[in-house]
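Presented below is the structure to which this report refers.
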There are 2 protein chains.
Amino acid sequence: MSNDTTGSRTGASAPRRIRTDARRNVEALLDAAKTVFGTSGVDAPAKEITDLAGVGVGTLYRHFPQRSDLIKAVIEREIDACADAAPALAAEHPPGIALARWLERLAAFVVTKRGFAAALHSGDPAFDGLSGYLMEKLGPALGSLLDAATAADEIRAVVSSQDLLYAVAKLCAPLPDEEPDYGRRMVALLVDGLRSIDTQR
Amino acid sequence: MSNDTTGSRTGASAPRRIRTDARRNVEALLDAAKTVFGTSGVDAPAKEITDLAGVGVGTLYRHFPQRSDLIKAVIEREIDACADAAPALAAEHPPGIALARWLERLAAFVVTKRGFAAALHSGDPAFDGLSGYLMEKLGPALGSLLDAATAADEIRAVVSSQDLLYAVAKLCAPLPDEEPDYGRRMVALLVDGLRSIDTQR
DNA sequence: TATAGTTCCGGAAAGAGATTCCGCTTCACT
DNA sequence: AGTGAAGCGGAATCTCTTTCCGGAACTATA
């Protein structure tokens, strides 16, 4: 009676490890959903996703009871990937270039993932917290790039990472009739501005 | 054989007048849709709308074969209302105040109508042209207010109506975790800046 | 490795809502 | 008033979502 059936040190919160097939299915679903969302939009039939993932519908609903759960998971995964790209860039390039490259990558993400801006602006309470997640994950990543670039005297210290993040998010959520790379151009301009140390008095 | 069956002067393009009951139903549907969209979101069941409008589902689909047609029509109607408000404001207030009031009204529209930002950012080609419609209708309305205010020396002539329009549209499409009146505040700030003639050298 | 106890899976079935279709009504014009 | 077109309602149909449960697969233990 007094024995912990799992033997785990973490206690009541982790009664058992997640089954490996379950994790594999979740990954397959997220991959499939990312692809299908890109092809047919976020309102694509569930069957299209489950077929591509090679699982039954039941499995989809087990892991993502609401469609918004699936959308959120896909987006959060992309945000993570974006954050993870920062250290590699920082290692490969001088600070100013690393920052520019990373912002380009962020802009590309926001521009191409229409579903992202749509979810962010949908007003659906299911997506509350998404922009919080964005700040939380990307804020530090951007912050360290920014600090490094500032310390190396490659940019002017005039913006916070939050300022930049929101600026990119808002500028890159394009209006339909805008030229397609309006957002990217504006961000590039912004970065050029930041890096224009030598033209300053 | 050679007779025009309608007797209309406009020729082939207007074979017959639109039936008054049809027009009445369209109006009822738009009113109902506006209300229901506000209450239950743009994905509300069609029945909810037709019931409120007091018509059958068939009637909805006759006039708006796609849901996006209905959404577009509702939004365009609000845009029209916004544009129509300009002359009245211009008649009642001095130019600078009229401009400020109108921008407040525009901001309120963008902020409250979540569906607007969502449609604009959805990426669905069905909504292409919406932002064009916005520019086309609101551009001149804002332009005349702006010209009047500039002529009366109540604001500085530093922005185009398109600049202002896009600025409002983008600033007021709020991220979920932002304070709710972030957009309104930013627009107010913008207007204050425009009107700060006396503090300029 | 064999066993017991869970967790997870697939896909049929039920439910919910969207969309079509057509006989009947209402309107505009003469 | 008569006539033909336009429009209407809502039952029927179709599509997609969501639930449900018998059985398969996995993990922990001996």
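Letters A, B, ... mirror the listed sequences (proteins, then strands); counts begin at 1. Hydrogens, waters and symmetry mates are skipped; everything else that's a heavy atom, side chains included, is used.
Counting only heavy atoms from C-beta on, B:Ala22 has its side chain closest to D:dG7 among D:dG7, C:dA18, C:dC29. Comparing D:dC16, C:dG11, D:dG10 by their nearest atom to the side chain of B:Val57 picks out D:dG10. Ranking D:dT27, D:dG10, C:dC27 by closeness to the B:Arg24 side chain, first place goes to C:dC27.
As a whole-Å value, the separation of A:Lys47 NZ from D:dC14 P is 18 Å. Atom CD in A:Glu27 sits roughly 13 Å away from atom P in C:dC9 (whole-Å rounding). Put simply, CG on B:Leu60 is 16 Å from P on C:dC21, counting in whole angstrom units. In this structure, B:Asp69 places its CG atom 15 Å from P of C:dA18, rounding to the nearest Å. For the pair A:Ile18 CD1 and D:dC26 C1', the computed distance is 14 Å after rounding to whole Å. For A:Arg67 and D:dT17, the CZ to P distance is 5 Å, given to the nearest whole Å. B:Arg62 places its CZ atom 15 Å from the P atom of C:dC27, with the value rounded to the nearest Å. If you measure from atom CG of B:Asp51 to atom C1' of D:dG9, you get 12 Å, rounded to the nearest angstrom.
For the OP1/OP2 pair of D:dC8 and a distance below 4.0 Å, the side-chain nitrogens and oxygens of B:His63 include at least one atom meeting the criterion. Applying the 4.0 Å criterion to OP1 and OP2 of D:dG7, one finds that B:Asn25 has every side-chain N and O outside that range. Residue A:Thr20 places at least one side-chain N or O closer than 4.0 Å to OP1 or OP2 of D:dT27.
None of B:Arg23, B:Arg24, B:Arg19 except one satisfies the side chain to side chain donor-acceptor pair (under 3.5 Å) rule with B:Asp21; the exception is B:Arg19. Of the listed residues (A:Leu145, A:Leu142, A:Asp147), just one forms a side-chain contact (heavy atoms from CB on, under 4.5 Å) with A:Ser161, and that residue is A:Leu142.
Side-chain atoms of A:Tyr133 and A:Asp80 form a donor-acceptor pair, as typed in the model, at a separation below 3.5 Å.
In summary, A:Arg77 and A:Asp31 engage in a salt bridge, as defined by a charged side-chain N under 4.0 Å from a carboxylate O.
When each of B:Tyr61 and B:Arg19 is assigned the nucleotide of DNA chain C bearing its nearest heavy atom, the one mapping closer to the 5' terminus is B:Tyr61.
Under the 4.5 Å side-chain criterion, counting only non-hydrogen atoms from C-beta, A:Tyr61 is not in contact with A:Thr50.
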